[in-house]
Amino acid sequence: MAILLYIIIFRTPIFSKLFLFFLAATYIFILFIYSVSPKIQYIEFKTTHPSWVEVEGNSLRVDVNWQGGKTRRSVADITYQYRNHNTIVKKIGNNILKNNTYSVFWNSEKEKKESNQKLKNLVETYIQKKNYKILKNPDSEESKLFIPLNNVLLSSSFGDEFLVTVSKVMLVPFFFMLILFFWKDKGFKK
């Protein structure tokens with residue numbers, strides 16, 4: 001039935017393009033919702049990996065570093081450990097959380113330190129409130145740390161980066177047009 005519906009309705013060029021735009025918009029929307037919700041990511045992982053079990057982490061330590069270059073952000077590497085039968089397993093989760101700085105200009109050393117400290121305080125708050133889960137594969141030494149388990153977290157998401165990028169793409173031409181129209185109206189009168 002679905003193939004017949006596709007052939008009848010979406011074979012015409014206007015509907016096939018509309019269908020592709022609809023699929024693209026739906027995909028971007030789902031990706032946005034998935035990326036801004038750590039809780040949905042945790043539920044999805046738990047659903048797709050049913051054999052993984054939750055383990056109790058007894059020590060978490062956070063190290064925050066600055067990543068320069070094009071991204072300019074603070075990233076948190078979290079060292080965690082848990083008990084596996086009678087042994088303690090120690091793991092490091094790299095780039096678990098990040099704090100993007102969307103400054104147009106280069107960040108000063110003071111701004112870098114403030115960004116690092118802000119992220120470190122945030123992660124330590126999550127750890128104190130036990131707002132994390134550690135899942136382990138019982139068949140191997142694989143494990144995964146989910147921190148935090150908030151419903152919405154923009155700072156470390158594709159959604160936040162997408163919104164900032166779209167706003168830059170939209171705002172930069174808007175400001176150029178605004179300046180151009182303002183300059184055209186005022187102009188240099190002799």
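Below, all heavy atoms of this structure are taken into account, side chains as well, without hydrogens, waters or symmetry copies.
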Any side-chain heavy-atom pair of [X] and [Y] under 4.5 Å:
| X | Y | result |
| --- | --- | --- |
| I92 | D63 | no |
| V55 | R83 | no |
| L60 | Y126 | no |
| P38 | I147 | no |

Which residues pass the side-chain contact (heavy atoms from CB on, under 4.5 Å) test with T47, not counting sequence neighbours?
I43
Checking N151 now: which residues fulfil side-chain contact (heavy atoms from CB on, under 4.5 Å) with it, not counting sequence neighbours?
K39
Can you name the closest pair of heavy atoms from I96 and G93 and give their distance?
CG1-O, 3.3 Å
Mind listing the closest non-hydrogen atom pair of K90 and Q81 along with its distance?
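Reported closest heavy-atom pair: CA-CB, 4.0 Å.
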Could you check whether N150 and N131, counting side-chain N and O atoms only, form a donor-acceptor pair closer than 3.5 Å?
yes
Looking just at side-chain N and O atoms, do Q41 and Y34 make a donor-acceptor pair shorter than 3.5 Å?
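No - no donor-acceptor pair under 3.5 Å links their side chains.
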Return yes if some donor-acceptor pair links the side-chain N/O of [X] with the main-chain N/O of [Y] below 3.5 Å, else return no.
| X | Y | answer |
| --- | --- | --- |
| E111 | S108 | yes |
| T87 | N84 | yes |
| S74 | N116 | yes |
| K91 | E141 | yes |
| S37 | I33 | no |

Can you measure from [atom1] ([X]) to [atom2] ([Y]) and round to the nearest 0.5 angstrom?
| X | Y | atom1 | atom2 | value |
| --- | --- | --- | --- | --- |
| K98 | S115 | NZ | OG | 12.5 Å |
| L135 | E54 | CG | CD | 6.5 Å |
| E109 | K113 | CD | NZ | 6.5 Å |
| N65 | K112 | CG | NZ | 12.5 Å |
| L178 | F174 | CG | CZ | 5.0 Å |

Test of understanding: clusters of I, L, V, M, F, W, Y form through side-chain heavy atoms closer than 4.5 Å, transitively. Do L119 and L149 belong to the same one?
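No; tracing contacts between hydrophobic side chains, which count when under 4.5 Å, never links both residues.
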Does one hydrophobic cluster hold both L122 and L145, with members joined at side-chain heavy-atom distances below 4.5 Å?
yes
More than 12 heavy atoms of other groups within 6.0 Å of K120 NZ:
no
Do other residues, nucleotides or ligands put more than 12 heavy atoms under 6.0 Å from F45 CZ?
yes
N94 pairs by side-chain contact (heavy atoms from CB on, under 4.5 Å) with which of I78, V75, D77?
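That would be D77; it is the only one of I78, V75, D77 passing the side-chain contact (heavy atoms from CB on, under 4.5 Å) with N94.
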Testing F146, Y80, W52 one by one against I134 for a side-chain contact (heavy atoms from CB on, under 4.5 Å), which residue passes?
Y80
Only counting residues at least two apart or in another chain, list the ones meeting side-chain hydrogen bond (donor to acceptor under 3.5 Å, both in side chains) with E56.
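Not a single residue meets the side-chain hydrogen bond (donor to acceptor under 3.5 Å, both in side chains) criterion with E56.
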NZ or CZ of K130 within 45° of Y132 ring axis and under 6.0 Å
no
